[in-house]
Amino acid sequence: MREMLLGSLLFLHTLTVAATSISDVRIWDEPRQTRVIFDLSSAVDHQLLTLANPDRAVIDIQGVTRVPAATLQPAGLVRQVRFGLHDKVLRVVLDLPHEAKPRSYLLAPSGEYGYRLVVELPHRPTSADALVSLADKDIVVAIDAGHGGEDPGALGPSGVREKDVALQIARRLKALLDQEPGMRAVLVRDGDYFLPLRKRRQLAQQHRADLFISIHADAFKERSVHGSSVYILSPRGASSEHARVLANRENAADLIGGVAIQDKDELLASVLLDISQGAALEASMALGSRMLTELGALGPVHKSTVQRAGFAVLKAPDVPSILVETAFISNPREEARLRDPRQQQKLAQGLRNGILNYFESYRPQRVVAQAQRPQG
């Protein structure tokens, strides 16, 4: 075997014995792993092994004819890259700082990408990243106060703004949930600023939320319309999000129901997404029904059943999500109630009760890996 030092550069080499070329090599240092990705002109056979003293990951790729002249900066666990050609095999050696347990897989063409060979090198877990069970993890509730910043939402007859009452109720709900043992609330928006709808649900996912509730106040041209409503995602909205996630799964950093899908073929990824999304929608309906009961105890409801709509903020495929229209801010009487701190507190208590009732039957059952342990 003859190895040539690559350092930070890959030099162009041509083999005359095969028809596959490597157009690019990329190293991505992610929070929990380092990934090395080879862009290929066609499918290849390969083998992956590890060596010790010093620690290395070795990838043998069959029949590669071209390697690009491109700068390749070491990153994450990859300290140096070397390669050599021997007997029609390209050997790539990744120098590592310590022992690792890599895995590799070949991805079929998808979108703008052709074939890719991916090598993943998991990072060693830290004390904060150790595996934890549900007994060690707080239930996390993401509370989304609708609108914000330059988007005031609906305006009441006397000028009360939806964004303001939504945030006030959200803060009261957070205070109540934080008093519950084993429960922690996260405000998606904790100030008067604008957040895109997709960013709101992404923040909930980043916090590993077990539930997402978006708080709003409804409006209608006829001021007599009144009452509260609860919404979950519609089948059409779920279908569109299913298609979007599948189309972008190669670049997705999120997990679907605790399982990464970027390394799965389209059929398996679709099945995993269906399972996760179906469970989330079922749980959303259970939560919505309980919430509607609690709101009905506080005043009239506009719709007596949980409604379905394609709200973008509800489209997280692995988090039970509901949107609550607390009342009609366009109705003068309900606007006055929404502005009243005592009524805001009653609404927050009703939402808290609905959440607690839901978790009595729907405590998360999945094993939580790589979750942050509670501090203190």
key: Heavy-atom side-chain proximity of Val141 to Val186 below 4.5 angstrom   = no

Here the gap from Asn357 atom CG to Glu294 atom CD, rounded to the nearest 0.5 Å, amounts to 6.5 Å

**Prompt:** Does the side chain of Arg208 reach to within under 4.5 Å of the side chain of Val140, using non-hydrogen atoms?
**Reply:** no

dist Met291:CE -> Asn353:CG (nearest 0.5 Å) comes out at 9.0 Å

Would the number of heavy atoms belonging to other residues, nucleotides or ligands and lying under 6.0 Å from CG of Asp151 be above 12?
yes

Say whether, by atom type as modelled, one donor and one acceptor occur between the side chain of Thr20 and the main chain of Ser42 under 3.5 angstrom. no

>> Test of understanding: clusters of I, L, V, M, F, W, Y form through side-chain heavy atoms closer than 4.5 Å, transitively. Do Ile37 and Tyr105 belong to the same one?
In response: yes

Heavy-atom closest pair (Leu195 atom, Arg200 atom, distance to 0.1 Å) is O-NE, 3.0 Å

Rounded to the nearest 0.5 angstrom, the CG-CG distance for Leu356 and Leu177 is 6.5 Å

Open item on the list: Checking the side chain of Ser21 only, and the main-chain atoms of Ser41 only, is there a donor and an acceptor separated by less than 3.5 Å?
Closed with: no

Exercise for the section: Say whether, by atom type as modelled, one donor and one acceptor occur between the side chain of Ser228 and the main chain of Glu325 under 3.5 angstrom. Expected result: no

Value for CG (Leu187) from NE2 (His207), rounded to nearest 0.5 Å, stands at 9.5 Å

| request: Verify the cluster assignment for Leu176 and Leu298: are they in a single hydrophobic cluster under the rule of side-chain heavy atoms below 4.5 Å apart? | output: no

ask   = Between the side chain of Gln307 and the main-chain N/O of Ser229, is any donor-acceptor distance below 3.5 Å?
value = no

Flag yes if more than 12 heavy atoms outside Arg26 fall under 6.0 Å of its CZ atom; otherwise flag no.
yes

Is Phe220 reachable from Val301 through a run of hydrophobic residues whose side-chain heavy atoms are each under 4.5 Å from the next? no

Worksheet item: Thinking salt bridges, do Asp144 and Arg201 make one under a 4.0 Å N-O criterion?
Response: no

To the nearest 0.5 Å, atom CZ of Arg184 lies from atom NZ of Lys174 at 8.0 Å

Donor-acceptor pair, distance only, cut-off 3.5 Å: does the side chain of Lys163 make one with the backbone of Gly149?
yes

task: Check whether any side-chain heavy atom of Pro97 sits under 4.5 Å from a side-chain heavy atom of Leu77, and report yes or no.
output: yes

Is a donor on one side and an acceptor on the other found under 3.5 Å between the side chain of Arg308 and the backbone of Val306?
no

Exercise for the section: Please tell me if the side chains of Leu106 and Leu40 come closer than 4.5 Å, counting only heavy atoms from C-beta onward. Expected result: yes

Heavy atoms, side chains only, cut-off 4.5 Å: are Leu121 and Leu96 in contact? yes

**Request:** Mark yes when over 12 heavy atoms from residues, nucleotides or ligands other than Glu99 sit less than 6.0 Å from its CD; otherwise mark no.
**Result:** no

For the hydrophobic clusters of this structure (ILVMFWY residues joined by side-chain heavy atoms under 4.5 Å, transitively), does one cluster hold both Tyr231 and Phe328? no

Between Asp39 (side chain only) and Gly114 (backbone N and O only), is there a donor and an acceptor less than 3.5 Å apart? no

Result for side chain to side chain donor-acceptor pair (under 3.5 Å) between His147 and one of Glu162, Arg161, Arg189 points to Glu162

Inset, instruction - Group every Ile, Leu, Val, Met, Phe, Trp and Tyr by side-chain heavy-atom contacts under 4.5 Å, then state whether Ile322 and Tyr358 land in the same group. - result: yes

Here the gap from His46 atom NE2 to Ser104 atom OG, rounded to the nearest 0.5 Å, amounts to 3.0 Å

So does Ser321 get a backbone contact from the side chain of Ser284, meaning a donor-acceptor N/O pair under 3.5 Å?
yes

From the list Ile143, Leu351, Val324, Asp164, side chain to side chain contact (heavy atoms under 4.5 Å, CB included) with Ile169 holds only for Leu351

Query - Donor-acceptor contact below 3.5 Å, side chain Asn331 vs main chain Arg223 - result: yes

